[in-house]
Asks: 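Okay, handing you the structure first.
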Amino acid sequence: MALRLGDTVPNFTQDSSEGTIDFYSWAGDSWVVLFSHPADYTPVCTTELGQVAKLKPEFEKRNVKVIALSVDDAESHKGWIGDINETQGCAVNYPILADGDKKVSELYEMIHPNSSTGSTLTVRSVFVIDNNKKLRLTFTYPASTGRNFDELLRVIDSLQLTDNYSVATPANWTDGGDCVVVPSIPTDEARQRFPKGVTEVKPYLRMTPQPNK
């Protein structure tokens, strides 16, 4: 059965560019972004892994570890990392899982027979997993479209904010923007809970400044 939002993600032990990884132990108390690639030495993915390396400090600010996956072996990954560092002006400083036996790909259902990459290759999926090992976000991109990692950071900001406050985030929200008061809180209670103010646009649509800013 496919992983659904809120499910506890499965653990695994797998080789990587940084040695053998037990996923739960490696993740520890951090959030995790796990993102997959069809194969090593692919052009779009080369730019993606470089971008993630450059953004690693931003992920770390949010207590997020990043880990990639490709079906090729660890030695191939190490050669590819050299190309990524050279062409993208970065230093890849996170592991790439070597999923030659497709153990992780099958656990996380990363193989889509009807995708353009073919039935034996992993599609370009992303999994955001929280510090309780719960799946919080998943999306899959076509092979021709590079992933937007700024959007991924935006979603993580939203998830972590809404975990701690009784708010949701509206369309195109970015950190610092106004938030939506969740429907379960009556307006009178919301005005007490959110001292920065509550604007009632409609009885079901109440806005408040971001609580932690």
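Bear in mind the structure is a predicted one, so any value in this text is a computation, not a measurement.
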Asks: Nearest 0.5 angstrom please: E60 CD to N93 CG, how far?
Replies: 7.0 Å
Asks: For G176 and Q210, work out which heavy atoms get closest and say how close.
Replies: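 So the minimum-distance heavy-atom pair works out to N-OE1, 2.6 Å.
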Asks: Sub-3.5 Å donor-acceptor pair from the side chain of T47 to the main-chain atoms of V44, do we have one?
Replies: yes
Asks: To the nearest 0.5 Å, what is the distance between NZ on K65 and CG on N131?
Replies: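 So the gap between those two atoms works out to 12.0 Å.
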Asks: Using only heavy-atom distances, determine whether the side chains of H77 and D40 contain a donor-acceptor pair under 3.5 Å.
Replies: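 Distance-only check passes for H77 and D40.
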Asks: If you take all heavy atoms of T208 and G197, which pair is closest and at what distance?
Replies: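 Heavy atoms of T208 and G197 come nearest at OG1-O, 2.7 Å.
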Asks: Would you say T187's side chain and P203's backbone share a donor-acceptor pair under 3.5 angstrom?
Replies: no
Asks: Can L5 be reached from I129 by stepping across I, L, V, M, F, W or Y side chains whose heavy atoms are under 4.5 Å apart?
Replies: yes
Asks: Any donor-acceptor pair under 3.5 Å linking the side chain of S36 with the backbone of S125?
Replies: yes
Asks: Working note: T199 + R206, criterion side-chain hydrogen bond (donor to acceptor under 3.5 Å, both in side chains); need CA distance, chi angles, decisive distance, verdict.
Replies: CA-CA 5 Å; T199 301; R206 288 88 44 85; over 6 Å; no
Asks: With rounding to the nearest 0.5 Å, note down the distance linking CD1 in I84 to CG in L49.
Replies: 4.5 Å
Asks: About how many Å separate CG of D29 and CG of D130, when rounded to the nearest 0.5 Å?
Replies: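 Taking CG in D130 and CG in D29, the distance rounds to 11.0 Å.
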Asks: For the residue pair S70 / W80, report whether a side-chain donor-acceptor contact shorter than 3.5 Å exists.
Replies: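 No donor-acceptor contact under 3.5 Å links the two side chains.
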Asks: Quick one: do R147 and E48 make a salt bridge, cutoff under 4.0 Å?
Replies: yes
Asks: Give the cluster check for M207 versus I185: same hydrophobic cluster or not, with ILVMFWY residues linked at side-chain heavy-atom distances below 4.5 Å.
Replies: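 Different clusters: M207 never reaches I185 through Ile, Leu, Val, Met, Phe, Trp or Tyr contacts under 4.5 Å.
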Asks: Is there a donor-acceptor pair closer than 3.5 Å between any side-chain N or O of K54 and the backbone N or O of Q88?
Replies: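 Present.
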Asks: Would you call the rings of Y94 and F35 parallel, tilted or perpendicular, where under 30° means parallel and over 60° means perpendicular?
Replies: tilted
Asks: Just do the side chain to side chain contact (heavy atoms under 4.5 Å, CB included) check on V167 and F194 with the steps written out, would you?
Replies: CA-CA 10 Å; V167 294; F194 303 111; 3.8 Å; yes
Asks: Rounded to the nearest 0.5 Å, what separates atom CD1 in I67 from atom CG in L97?
Replies: 3.5 Å
Asks: Would I156 and V64 count as a side chain to side chain contact (heavy atoms under 4.5 Å, CB included) here? Give the steps.
Replies: CA-CA 9 Å; I156 291 168; V64 179; 4.0 Å; yes
Asks: Any link between L159 and V181 through a network of hydrophobic side chains (Ile, Leu, Val, Met, Phe, Trp, Tyr) touching at under 4.5 Å?
Replies: no
Asks: Are the side chains of L69 and V104 in contact, using a 4.5 Å heavy-atom criterion?
Replies: yes
Asks: Verify the neighbour count for atom CG of N172: are there more than 12 heavy atoms of other residues, nucleotides or ligands below 6.0 Å?
Replies: no
Asks: What's the separation between atom CD in Q51 and atom OG1 in T46, rounded to the nearest 0.5 Å?
Replies: 13.5 Å
Asks: Please check if the number of heavy atoms outside D163 that lie under 6.0 Å from its CG is greater than 12.
Replies: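 Enclosed: over 12 neighbouring heavy atoms sit under 6.0 Å from CG of D163.
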Asks: Is there side-chain contact between V9 and F23, with at least one heavy-atom pair below 4.5 Å?
Replies: yes
Asks: Just checking, K133 and Y24: is the charged tip under 6.0 Å from the six-membered ring centre and within 45° of the axis?
Replies: yes
Asks: Taking it one step at a time, do D7 and R4 satisfy salt bridge (Lys or Arg N to Asp or Glu O under 4.0 Å)?
Replies: CA-CA 6 Å; D7 285 351; R4 296 164 297 188; 3.6 Å; yes
Asks: Measure from the side-chain N and O atoms of Q160 to the backbone N and O of R62, and report whether any donor-acceptor pair falls under 3.5 Å.
Replies: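 Yes.
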Asks: Ignoring hydrogens, what is the shortest heavy-atom contact between R124 and P38? Give both atom names and the distance.
Replies: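 Nearest pair, atom of R124 first, then P38: CG-CD, 3.5 Å.
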Asks: Under 4.5 Å between any side-chain heavy atoms of R136 and W31, yes or no?
Replies: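 The answer is yes, as the side chains (C-beta and beyond) meet within the 4.5 Å cut-off.
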Asks: List the steps, then state whether side chain to side chain contact (heavy atoms under 4.5 Å, CB included) holds for V180 with T169.
Replies: CA-CA 6 Å; V180 175; T169 54; over 6 Å; no
Asks: Taking all non-hydrogen atoms of both residues into account, name the closest pair between C179 and A168 and its distance.
Replies: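 Heavy-atom minimum between the residues: CB-O, 3.4 Å.
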Asks: Taking S76 for its side chain and D72 for its backbone only, find out whether a donor-acceptor pair lies under 3.5 Å.
Replies: no
Asks: Please give me the minimum heavy-atom distance between S166 and R193, naming the atom from each residue.
Replies: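 Scanning both residues, the minimum pair turns out to be OG-NH1, 2.7 Å.
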Asks: Using every non-hydrogen atom in the two residues, find where N85 and V92 come nearest and quote the distance to one decimal.
Replies: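 What the structure gives for the nearest pair is OD1-N, 2.7 Å.
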Asks: Is there a path of hydrophobic side-chain contacts, each under 4.5 Å between heavy atoms, that joins Y165 and V155?
Replies: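 Per the 4.5 Å side-chain linkage, Y165 and V155 are not co-clustered.
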Asks: Should L137 and F127 count as side-chain neighbours, where that means a heavy-atom distance under 4.5 Å?
Replies: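 A side-chain contact under 4.5 Å is absent here.
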Asks: Evaluate side chain to side chain contact (heavy atoms under 4.5 Å, CB included) for W173 paired with L161, printing each intermediate quantity in order.
Replies: CA-CA 12 Å; W173 174 89; L161 172 67; 3.7 Å; yes
Asks: Can you find a side-chain donor-acceptor pair between Q14 and D22 that sits under 3.5 Å?
Replies: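 There is no such pair between these side chains.
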Asks: Any side-chain heavy atom of F59 within less than 4.5 Å of one from L153?
Replies: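 Yes - at least one pair of side-chain heavy atoms lies under 4.5 Å apart.
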Asks: Check whether any side-chain heavy atom of L152 sits under 4.5 Å from a side-chain heavy atom of V33, and report yes or no.
Replies: yes
Asks: Does some side-chain heavy atom of R154 sit less than 4.5 Å from a side-chain heavy atom of D150?
Replies: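 Sidechains of R154 and D150: no contact.
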Asks: Does a side-chain heavy-atom distance below 4.5 Å link T8 with K134?
Replies: yes
